[in-house]
**Student:** 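I am attaching a structure below and will ask some questions about it afterwards.
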Amino acid sequence: MKEKSNRIVSLTSICIVLLFLVAAAFLTDKESVQNSPWSLVPPVIAIALALITKEVYSSLFLGILSGALLYSGYNLEGTLNHVFVDGIIHVLSDAWNVGILCFLVILGMMVQLMNKTGGSKAFGDWTKKHIRSRKGSMLATIALGCLIFIDDYFNCLTVGSVMRPVTDQHKISRAKLAYLIDTTAAPVCIIAPISSWAAAVSGFVEGENGMKLFVKTIPYNFYALLSLCMLIFLVLLNVDFGPMKLHEENAVERNDLFTTAERPYGEATEEEGRKGHILDMLVPIFSLIVFCVVGMIYSGGFFTGADFVTAFSQSDASKGLVLGSFGALVVTLFYYFGRNALSFNEGMDCLPEGFKQMVPAILILTFAWSLKAMTDSLGAKEFVAVMVKSSAGSALSFLPVFIFLIAIGLAFATGTSWGTFGILIPIVVAIFQGVDSNMMILSMSACMAGAVCGDHCSPISDTTIMSSAGAQSVHINHVQTQLPYALLVAGVSSISYILAGFLKTPWIPLGIGVVLLFGILLWIKTSQNRSRVKA
């Protein structure tokens, strides 16, 4: 009955979208949609449908199709060309995107190899003796996520590969693992001076020392700092709410880590009777970390004379991660062959199997990138830029929270933090450069924090998709369970930005935000306990 009801809701939602697009044909033309609110319609359609229908692929494609229809003025030939030539083919021809897909595939291969040798199981057995509680496994996941601050893509997939056997052992739902991964990926990278994110942000600042400004923004990055506090509070208070509560209860009481029936990454396990060693897990992961760091500084010119910090600040994360992960894959294969953990044929058979495991993530990423191409072609960047500039002259003390909310909306709609930085940071710098350096730093922080928050909330965000892949969680489950948590932190962060706009200091607003967040979670915990007693 419930399945039939969901099908009716999904079909009704799709019909409403189609009717809206038909109506839009009479309300718009090719010129009127450019640099207007219509430019945000495609991602709104995709996100709304994904949340309502719980089906990502068709939702993303309908978003792409709507963007192409608006762009072409409902011309059939123009629409098809824009979807495939300017959209899917274009994004799959981009060197950065292809590099990220290659990195995903190689990670999938390495995970499959670790499963085949029994390395993941051996690591899980070892952790049984050293991590003996659910709290301990979650805290260990958070700690590892904070340690791998080099790049969010690398963080998502590495932490997922390492900690998944541990959290599975302690009956932590895949949705909760995906949340732990996602919330220690971008928030850590955005406050780490040595990271690909720091390099990206500093590159958007003209006429200033970008890295120096980045360091000054760290205390004002309330969303990132409060997100990390939220993780610790959730674990220590042992509290969950919203859809996450159901997932965690199913994991603990029914040993169901997924809650829903879908298993997009399969349930690959080690072969019966194959006894692995803990080094079968640690050697590949350690190799991955070392080689990826080397790959990133190589792409930044470290071996041609640049110092380490400079090389990192100008590194190409996509290129560096591909080179590093490939080096780690070669080392892993030779290590396994050398100790006879795998035969040559078994090792080669793992490669296509690893590729298959990453197909869902690759398809979602491709559609998400194509959707962003649609919004770019409709002038979403220019529309948002005009909105921010027009608001700069009034109520300057409220400008940081306004920028924070604009950045959330833009990152949510486009699924990209870096794209949001690229749009908003140059505007902020242009407004305040040489006028009010403190307000410039605060507004930059608000932009960065809002971009990360919107990225967390959006089902079309690449880091959200990769967190699902790293945890091997159903993607829409991760989005639905993470959304209430991200919105709670966003609400508290908004209050902190309002206070900071008036006080011009980060510490008092941050302290108030931490106390307020803890108080809300404690109230939720107390309310749940009372409800349990009454029941």
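Because the structure is predicted, anything quoted here is derived from the model rather than measured. Reckoned from all heavy atoms, side chains included, excluding hydrogens, waters and symmetry mates.
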**Student:** Suppose we screen for side-chain contact (heavy atoms from CB on, under 4.5 Å). Which residues come up paired with L92, at least two apart in sequence or across chains?
**Tutor:**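 For L92, the residues satisfying side-chain contact (heavy atoms from CB on, under 4.5 Å) (neighbours in sequence not counted) are I88, L101, T366.
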**Student:** State which residues pass ring pair (Phe, Tyr, Trp, His ring centres under 6.0 Å) with Y497; sequence neighbours excluded, sorted by chain then number.
**Tutor:**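 Applying ring pair (Phe, Tyr, Trp, His ring centres under 6.0 Å) to Y497 gives F222, F404.
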**Student:** Quick one: do I191 and L228 satisfy side chain to side chain contact (heavy atoms under 4.5 Å, CB included)? Show the steps, please.
**Tutor:** CA-CA 11 Å; I191 57 174; L228 297 176; 3.9 Å; yes
**Student:** Determine whether a donor-acceptor pair (N or O, by modelled atom type, separation under 3.5 Å) exists between the side chain of T375 and the backbone of L40.
**Tutor:**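 Checking the backbone N and O of L40 against the side chain of T375, no donor-acceptor pair under 3.5 Å is found.
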**Student:** Does the T28 side chain pair with the main chain of A25, one donor and one acceptor, at a distance under 3.5 Å?
**Tutor:**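 Such a contact is absent between T28 side chain and A25 backbone.
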**Student:** How close do P400 and G501 get, heavy atom to heavy atom, and via which atoms?
**Tutor:**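 Scanning both residues completely, I find the closest heavy atoms to be CG-CA, 4.4 Å.
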**Student:** Assess, by modelled atom type and distance only, whether the side chains of H247 and S173 contain a donor and an acceptor separated by less than 3.5 Å.
**Tutor:**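 No, S173 and H247 have no side-chain donor paired with an acceptor closer than 3.5 Å.
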**Student:** When rounded to the nearest 0.5 angstrom, what distance separates CG in L139 from CG in L231?
**Tutor:**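 The distance works out to 9.5 Å.
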**Student:** Sequence neighbours left out, what passes side-chain contact (heavy atoms from CB on, under 4.5 Å) with E77? Give chain and number order.
**Tutor:**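 E77: side-chain contact (heavy atoms from CB on, under 4.5 Å) contacts with N75, N81.
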**Student:** I need the D182 CG to T464 OG1 distance, nearest 0.5 Å.
**Tutor:**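 D182 CG to T464 OG1: 4.5 Å, rounded to 0.5 Å.
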**Student:** Can you list every salt bridge (Lys or Arg N to Asp or Glu O under 4.0 Å) pair that touches residues 230-243, not counting sequence neighbours?
**Tutor:**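 For residues 230-243: K176-D240.
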**Student:** Can you sort out the partners of V17 under side-chain contact (heavy atoms from CB on, under 4.5 Å), two or more places apart, ordered by chain and number?
**Tutor:**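 In terms of side-chain contact (heavy atoms from CB on, under 4.5 Å), with neighbours along the sequence ignored, V17 is linked to L21, I45, L49.
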**Student:** If you define the side chain from C-beta out and look only at heavy atoms, does anything of S227 sit under 4.5 Å from V489?
**Tutor:**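 A side-chain contact exists here, since the closest heavy-atom pair is under 4.5 Å.
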**Student:** To the nearest 0.5 Å, what is the distance between OG on S417 and CG on D455?
**Tutor:**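 If we round to the nearest 0.5 Å, S417:OG and D455:CG are 3.0 Å apart.
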**Student:** Can you find a heavy atom in the side chain of Y71 that is under 4.5 Å from one in the side chain of K30?
**Tutor:**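 No. Closest side-chain heavy atoms not under 4.5 Å.
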**Student:** Would you please name every residue forming a side-chain hydrogen bond (donor to acceptor under 3.5 Å, both in side chains) with K135, sequence neighbours left out?
**Tutor:**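 Once residues adjacent in sequence are excluded, K135 has no partner under the side-chain hydrogen bond (donor to acceptor under 3.5 Å, both in side chains) criterion.
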**Student:** Kindly state each residue pair satisfying salt bridge (Lys or Arg N to Asp or Glu O under 4.0 Å) with at least one member in residues 359-374, sequence neighbours excluded.
**Tutor:**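 As it turns out, the salt bridge (Lys or Arg N to Asp or Glu O under 4.0 Å) pairs with a partner in residues 359-374, which skip direct neighbours, are K372-D376.
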**Student:** Less than 4.5 Å apart, any side-chain heavy atom of L521 and any of L234?
**Tutor:**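 Yes, close enough: below the 4.5 Å cut-off.
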**Student:** Any donor-acceptor pair under 3.5 Å linking the side-chain atoms of N221 with those of S445?
**Tutor:**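 S445 vs N221: no donor-acceptor pair found between side chains.
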**Student:** Check whether any side-chain heavy atom of F518 sits under 4.5 Å from a side-chain heavy atom of L237, and report yes or no.
**Tutor:**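 F518 reaches L237 side chain to side chain.
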**Student:** Testing I460, N97, D94 for side-chain contact (heavy atoms from CB on, under 4.5 Å) with W369, which one passes?
**Tutor:**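 So, applying the side-chain contact (heavy atoms from CB on, under 4.5 Å) to W369 and each of I460, N97, D94, only N97 qualifies.
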**Student:** Which atom names give the shortest non-hydrogen contact between A251 and L257, and what distance separates them?
**Tutor:**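 In terms of heavy atoms, the two residues are closest at CB-CD2, 4.1 Å.
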**Student:** List in chain and number order the residues that pass ring pair (Phe, Tyr, Trp, His ring centres under 6.0 Å) with Y220, two or more places apart in sequence or in another chain; answer none if no residue qualifies.
**Tutor:**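 Testing Y220 for ring pair (Phe, Tyr, Trp, His ring centres under 6.0 Å), a comparison that skips the adjacent residues, returns none.
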**Student:** Does any donor atom in the side chain of N529 or T526 lie under 3.5 Å from an acceptor atom in the other side chain?
**Tutor:**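 No pair is found: no donor N or O on one side chain lies under 3.5 Å from an acceptor on the other.
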**Student:** Looking at the rings of F84 and H90, which for Trp means the six-membered one, are their centres under 6.0 Å apart?
**Tutor:**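 Ring-ring flag for F84/H90: false, centres at least 6.0 Å apart.
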**Student:** State which residues pass ring pair (Phe, Tyr, Trp, His ring centres under 6.0 Å) with F241; sequence neighbours excluded, sorted by chain then number.
**Tutor:**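 Result, ring pair (Phe, Tyr, Trp, His ring centres under 6.0 Å) vs F241: Y485.
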**Student:** Could you go step by step and tell me if R174 and D168 meet the side chain to side chain contact (heavy atoms under 4.5 Å, CB included) rule?
**Tutor:** CA-CA 8 Å; R174 293 292 177 85; D168 284 359; 2.8 Å; yes
**Student:** If we ignore angles and hydrogens, is there a donor and acceptor under 3.5 Å between the side chains of T79 and S72?
**Tutor:**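 Indeed, the side chains of T79 and S72 share at least one donor-acceptor pair under 3.5 Å.
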**Student:** Is any side-chain heavy atom of V166 less than 4.5 Å from a side-chain heavy atom of T141?
**Tutor:**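 No, every pair of side-chain atoms sits at 4.5 Å or beyond.
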**Student:** Which side-chain N or O atoms in residues 60-68 pair as donor and acceptor under 3.5 Å with protein atoms at least two apart or in another chain?
**Tutor:**
residue, atom, partner, partner atom, Å
S66, OG, L62, O, 3.4
S66, OG, G63, O, 2.7

**Student:** I'd like to check the ring pair (Phe, Tyr, Trp, His ring centres under 6.0 Å) partners of H478; sequence neighbours left out, ordered by chain and number.
**Tutor:**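 H478 satisfies ring pair (Phe, Tyr, Trp, His ring centres under 6.0 Å) with no residue once adjacent residues are dropped.
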**Student:** Check F258 against Q472 and note the closest heavy-atom contact, atom names and distance.
**Tutor:**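 Smallest heavy-atom distance, with atoms named: CE2-O, 3.4 Å.
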**Student:** Side chains of T183 and V188, heavy atoms from C-beta outward: is any pair under 4.5 Å?
**Tutor:**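 No. Closest side-chain heavy atoms not under 4.5 Å.
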**Student:** Show your reasoning for whether side chain to side chain contact (heavy atoms under 4.5 Å, CB included) applies to L405 and S494.
**Tutor:** CA-CA 8 Å; L405 296 174; S494 297; 4.0 Å; yes
**Student:** Consider side-chain contact (heavy atoms from CB on, under 4.5 Å). Of C453, S458, P43, which one does F412 pass it with?
**Tutor:**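 Option passing the side-chain contact (heavy atoms from CB on, under 4.5 Å) with F412: S458.
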**Student:** On a heavy-atom basis, which atom in G145 and which in V159 lie closest, and how many Å separate them?
**Tutor:**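 Distance-wise, the nearest heavy atoms are CA-CG2, 3.8 Å.
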**Student:** Under 4.0 Å between a Lys/Arg side-chain N and an Asp/Glu carboxylate O for E248 and R134?
**Tutor:**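 Yes, E248 and R134 are salt-bridged.
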**Student:** Measuring from L371:CG to M374:CE, what's the distance to the nearest 0.5 Å?
**Tutor:**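 Those atoms lie 8.0 Å apart.
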**Student:** Who passes side-chain contact (heavy atoms from CB on, under 4.5 Å) against L516, sequence neighbours left out?
**Tutor:**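 side-chain contact (heavy atoms from CB on, under 4.5 Å) check on L516 returns V492, I495, I520.
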**Student:** Under 3.5 Å, is there a donor-acceptor pair between the side chain of H456 and the main chain of Q482?
**Tutor:**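 Checking the backbone N and O of Q482 against the side chain of H456, no donor-acceptor pair under 3.5 Å is found.
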**Student:** Say you draw a straight line from CG of L488 to CG of L226; how long is it, rounded to the nearest 0.5 Å?
**Tutor:**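 So the gap between those two atoms works out to 9.5 Å.
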**Student:** Identify the two heavy atoms, one from G450 and one from A411, that lie closest to each other, and give their separation to 0.1 Å.
**Tutor:**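 That would be O-CB, 4.3 Å.
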**Student:** State, to 0.1 Å, how close H475 and S468 come at their nearest heavy-atom pair, and which atoms those are.
**Tutor:**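 In this case the closest contact between H475 and S468 is ND1-OG, 2.9 Å.
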**Student:** So, do F103 and S318 sit near enough that their side-chain heavy atoms are less than 4.5 Å apart?
**Tutor:**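 No, their side chains stay 4.5 Å or more apart.
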**Student:** Find the distance between CG (L442) and CG (L399) and round it off to the nearest 0.5 Å.
**Tutor:**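 With rounding to 0.5 Å, CG (L442) is 8.5 Å from CG (L399).
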**Student:** Do L510 and S496 touch side chain to side chain, with heavy atoms closer than 4.5 Å?
**Tutor:**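 A side-chain contact under 4.5 Å is absent here.
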**Student:** How far apart are the C-alpha atoms of T481 and Y179, what are their side-chain angles, what is the distance that settles it, and do they pass the side chain to side chain contact (heavy atoms under 4.5 Å, CB included) test?
**Tutor:** CA-CA 8 Å; T481 52; Y179 169 68; 5.6 Å; no
